[in-house]
Amino acid sequence: MFARLPDQFSFPEAEREVLAFWKEHDVFARSLAQRKGAERFVFYEGPPTANGLPHPGHCLTRTIKDLFPRYQTMCGRLVERKAGWDTHGLPVEVEVCKQIGIHSKEEIEEYGLEPFVHKCVESVWRYTREWEEMTNRLGFWINLDDAYATYHQSYVESVWWGLKTLFDRGLLYQGHKVVWWWAQGGTALSSGEVGEGYRDVDDPSVFVKFPLIESEPPAALRKLADGGLVSDVTDADSLLTHLLGTRRLPPSVRESFDTPEQTLRHIVEKSPGFLARLIAPTSLLVWTTTPWTLVSNHFAAVHPELRYALVHDAEQGENLYVAEDLVAAISKKVKRELEVLFVVSGADLLNLRYLPPYPEVYHEDLGHEQAELRGGGVNAIGWRVVAADFVTIDSGTGLVHEAPAFGEVDFEMLQQERQRFKEDDAIPLLCAVAPNGTFNDEAPEVYRGRWIKDCDKDINRELKERTTPWGTPLLYHLEQYRHSYPFCPRAEEDALIQYARKSWFVRTSRFKQRFIENNAAMTWLPEHIKEGRFGDFLRNNVDWALSRERYWGTPLPIWVCQESGQMEAVGSFDELLAKPGLTGTEVWEQARAARPDLPDDLRVHRPYIDALTYDSPFADGARMVRVREVIDCWWDAGSMPFAQWGFPHAEGSVQRFQEMFPASFISEAIDQTRGWFYGLLAISTLLFGPDESGRLAEPVRQALQRDGDEALGFPQPFEACIVLGHLMGEDGTKMSKRLKNYREPGYVFDTYGADALRWYLYSAQTPWTSVRFQENAIRDAQREFLVRLYNVFSFFNIYANIDGFDPRQKQARPAAERSELDRWILSDLNLAIRDVRGHLDRFENFPAAQRLNDFVDALSNWYVRRSRDRFWCAVSGEAARDQDKWDAYETLYEVLVTLSRAIAPFTPFFAETMHQNLVRDIEEGATDSVHLCAYPTPDAACIDVQLAEEMNLVRDLASLGRTARTLAKIRVRQPLERVEIILANHQHEDWLSGHAALIAEELNVKQVDFTSDADHYVHYEVKPNFKAIGPVYGRKAPQIAKALQALDNPADARRTLVADGKLTIEVAGETVALTPEQVEIRLQPREGWSAAQGRSGVVVLSTELSTGLQEEGLVRELIHHVQTLRKEHNLPYEARIALFVETAPELADVLGRWQETLAAETLAERVVFGPPEAAEAKEVSVEGTAVRLALAAPAVAG
RNA sequence: GGGCGUGUAGCUCAGCUGGUUAGAGCGCAUCCCUGAUAAGGAUGAGGUCCCAGGUUCGAAUCCUGGCACGCCCA
């Protein structure tokens, strides 16, 4: 006996039982132990932060993360799953600040670094319990007891080891990073803070000349400009070369004419005085809204693809380069005509050299200095034109003044420029401003010590006074410009500035090529991430800004000599403790004595680590002091492949790391592209890959005891990654606690269960879709799959028990000998398993779930429905019939057992419920849990593709028959004499003829005929199969279509095609022979027939009703009413009744003749024609005739 | 401001290596079943595949531009 399923099955309740079962039997641990020594499938857990409550988005991540490890485990692999927590960084600090009601860095320091850090470490675990509860309830199997946490000492030391390795490899350096800087407060602001403080303000908009440095025009050219004759010129070519070299002509000009003389003549004769204007002195016209940054000018930027005009200003007798599209606007501003001499592209202007407004400031360094380029050759290190694609023509001149210290994009431009040079520090960073926002000693003396913005006016005045070498003022135009600009949200009068701060960087850009190579080997879902968002990010790689001027994070393990400024990195805590003359350990000891509950891990954190100083190896008597920065918490997360094991310090960590690298599979949401995904790739490539000379880092070779230099596990560091979309609220906007526009996970678990949520997330859309998280969508997904499957399961449960089916008895025949329906469902089961495995092997949960859904639909709506009679009929003793019954039970049993395993990774709870009921309760020594079973393997012997095709045809024809009935308004209850089926394709006709009974029963007809010549029922349409014709006939395809449409007699054409295997038609004077594959025959029922057409053919209904059929229809109708009445009376289905029927004599007469059927179908022991005796009667209508019906217990009536 | 993605039925989403009847579920309408039963099933209506150009014999699918939304970076 199978345990009877409850009358009211509750998924959430059943799931809680399953949870208890898993716990009691330690199933997760056993699923791992069982695979000991097996091939590994490596999973990395991207650490979430536990200082906020988990929401549905986290459920999505964990749902996807759970599926593939479960599946791979069932496929025989060992899939260890170590949990992890991200515990450092700004989010934690912000949370703590909120808690104690403070805001700024100053306030934190006032509050005290030590108590602040204590609060941080407490805050880290604030919602751990909720996270663990969600994880467990969702059925996400991961080892939470052995979780890594980024603040643990062993983790921190691993990160230190990595950083020291990079430091020693010269990959960690101090540089600059541009931040929004509150100068008065001396601190950088986060983007969120900056966003709060935008206001509209007026700033000066300055158009200033940068005079080009160029050689004097040759005398001959001047002579020509003064009216000389081209015929007198001896060397036209050199004159042209000069004009081209000084960008006075577009590069293409030489090609326009045959000889240099002709070219020159063309220029001279263009207009009177044209050459004279052309060779006038020239400036770049540059635009800025921050005059104070002009002091630190380094470059002028153009967009290489924009067009720039050289215009002549007759009033000042000089030329200017401006963007062509802005000439008119500038001309309007200065209220005079500007003659466009010619136009070039921005690319043509690159590397032109100019004199900046304040050349004296940096003259020594920049004036003439050049440096070697990586690709050979040299270039000036400043004061020249560079390319930048952020230059626009929205305003200004199309040429932008660049002071990289004061603009993020400008600084990035500098970094890219720097990469072109051999020496990393060939180009300096010019910065005439001190951190407090005043000009420093690099600025002209008059400005030093003054707040920069206050100097704008004086600088503008000075620009009027300063002149070009030919004596015109540098300032070309000045106006006010209204735009939005950020101010400090805490000190509203203080404008923020973008300002380059010293910062530590990792030289990732050196490894760009290796990142790209590693990425090329990875599998991304969806695919576009690979070359799109992620690939783009890699191609535009800039060095990783590692350090943060904050408090709660992995301390940057670099100590500086206070005398010499030399530095060294420290790779572990022990290494630090062993340093000569180490002092400061007492600070931690005292803190610990005062608060014994402080975790040991804190001793590697600020402020305790800052207290540790030691003797400098670089200068006698000097001390080594740690730099104050902590590191970006993304670096922590990206270090997890080795840091989760405490590699290489912790015992056994070297082996663990090697076993578990690289990952086979990871998955997180799209926002992790530049976070965790990049972190993993960058850190492992830098650390475990070869450097430029192809060598592995020495500490890595040591730790791994390797002699060779081959990279570790390629591709690094993960093979496949599913990038998830974001879940949105019910209303399509971002989920918001405040708006309450989504259901909490707990509510979903309690109402529908974890399986329902999981199935919804797997089956409703591809996982990268940004989808609305809607309660009814979860309910629908549950109904469509889980409830439907439950019904089949429950159906089996009821009847198997009634008939005493016992799978151990092996009463069924071998599958190959069972009925066609059995073989069909077993075939489809195996096909489904083959498909699902294929999808899951490729990490495609959505099509896999769809396939399972389709299978359950076929099982419920065709197999069980068509098999009902086999289950219902009583055990008869008639051998063949009983055998068929046992076959059916065995088939359904096998299907359900296999299915429970196939769905186990998706809906682990319900799969377990099925397994317990169907297998474990029944068989002695059966596997305890479905999750300890092997994933089903498709059995090729069971797969019958032709049968599947044929059964689909039957289902399709049945559906067409129902359509025809609906169109004819004849309900299925009314039996009909026959249907005729005209197939579009006769391939399966023989087989179908053998299954006419099935169709007949499904359509409630007495007879099914297959008609091949049915011209009187249908007309034919011969259509081209474009997919086959297109590639062969190309542009003739539409003509063929036309010719086919114009066929006089499509029916004949069809016959020809069937008989000859080809159809010959005339197309544009040519003869074209089409094969059956190249055309498609469509059938249309002719008018006057009750018929329906589909792709497979036409089903024609015979609608004539003989008296017998009519009567049978009336009886079925009455039976329907009686059954409804039975239900209204809540009668148990086996209850016997007495039936009273009071109606017109004609109908009573008919019913009388069918009394036996009537009585049998309604379980009536007595049928009385006449007024009801006791019970109240119900008025119904049978085909328009009134009937009074009543039921009574047979005894009462007796 | 830049990059990437998305836009398909009333709703939520598939499809999109180009092929002429564009799919599913829900909802809706009509109906069936009443021995899986506070379930189950059938049938139908419903679509300018965001807009405008282009490539092609042929575009929801490829290209360009625009609009809207989202994400990331500013």
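All of these numbers come straight from a predicted model, not from anything done at the bench. First the proteins, then the strands, lettered A, B, ... as listed; each starts at 1.
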Provide the distance between the two [atom1] atoms, one in [N] and one in [M], to the nearest whole Å.
| N | M | atom1 | value |
| --- | --- | --- | --- |
| B:U21 | B:A59 | P | 14 Å |
| B:U61 | B:U17 | C1' | 10 Å |
| B:U55 | B:C13 | P | 35 Å |
| B:A29 | B:C62 | C1' | 40 Å |

Within the structure, does a side-chain N or O atom of [X] lie under 4.0 Å from either OP1 or OP2 of [N]?
| X | N | result |
| --- | --- | --- |
| A:Ser959 | B:U43 | yes |
| A:Tyr799 | B:A36 | yes |
| A:His1120 | B:C32 | no |

- Message: Centre-to-centre under 6.0 Å for A:Phe677 and A:Phe534, is that the case here?
- Response: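 No: the rings miss the under 6.0 Å criterion.
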For [X], answer base if it contacts any base atom (sugar-phosphate contacts may also be present), sugar-phosphate if it contacts only those atoms, and nothing otherwise; contact means non-hydrogen atoms under 4.0 Å.
| X | value |
| --- | --- |
| A:Asn861 | sugar-phosphate |
| A:Arg779 | nothing |
| A:Thr963 | sugar-phosphate |
| A:Ala777 | nothing |
| A:Phe534 | nothing |

Assign the ring pair [X] / [Y] to parallel, tilted or perpendicular, where the plane angle (0 to 90°) is split at 30° and 60°.
| X | Y | value |
| --- | --- | --- |
| A:Tyr790 | A:Phe793 | perpendicular |
| A:Phe515 | A:Tyr678 | perpendicular |
| A:Trp759 | A:Phe785 | parallel |

- Closest heavy-atom contact between A:Val723 and A:Ile670?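 The pair with the smallest heavy-atom distance is CG1-CA, 3.5 Å.
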- Message: Working to the nearest 0.5 angstrom, can you tell me the gap between A:Asp803 CG and A:Arg870 CZ?
- Response: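 These two atoms lie 12.5 Å from each other.
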- Message: So if I define the base as every atom that isn't primed, P, OP1 or OP2, how would nucleotides 17-30 of chain B read as a B/S/- string at a heavy-atom cutoff under 4.0 Å?
- Response: --BBB---SS----
- Query: How does each nucleotide of nucleotides 5-10 of chain B score, in 5' to 3' order, for protein heavy atoms under 4.0 Å: base (B), sugar-phosphate only (S), or none (-)?
  - Reply: S-----
- Message: Distance criterion of 3.5 Å, no angle test: do you see the side chain of A:Arg965 paired donor-to-acceptor with the base of B:A42?
- Response: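 Looking at the base of B:A42, it does not pair with any donor or acceptor on the side chain of A:Arg965 (distance under 3.5 Å).
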- Item | Options B:G41, B:U37, B:G15, nucleotide nearest the side-chain atoms of A:Thr766 |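 Nearest to the side chain of A:Thr766 among the choices is B:G15.
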- Nucleotide of B:C13, B:C73, B:G40 approaching A:Arg674 most closely (side-chain heavy atoms):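 Nearest to the side-chain atoms of A:Arg674, counting from C-beta on, is B:C73.
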- Query: Mind checking what makes ring-ring contact (aromatic ring centres under 6.0 Å, His included) contact with A:His55, not counting sequence neighbours?
  - Reply: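 Testing A:His55 for ring-ring contact (aromatic ring centres under 6.0 Å, His included), a comparison that skips the adjacent residues, returns A:His58.
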- Take the protein atom CZ of A:Phe793 and the nucleotide atom P of B:U37, then report the distance between them rounded to whole Å.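 Atom CZ in A:Phe793 sits about 14 Å away from atom P in B:U37.
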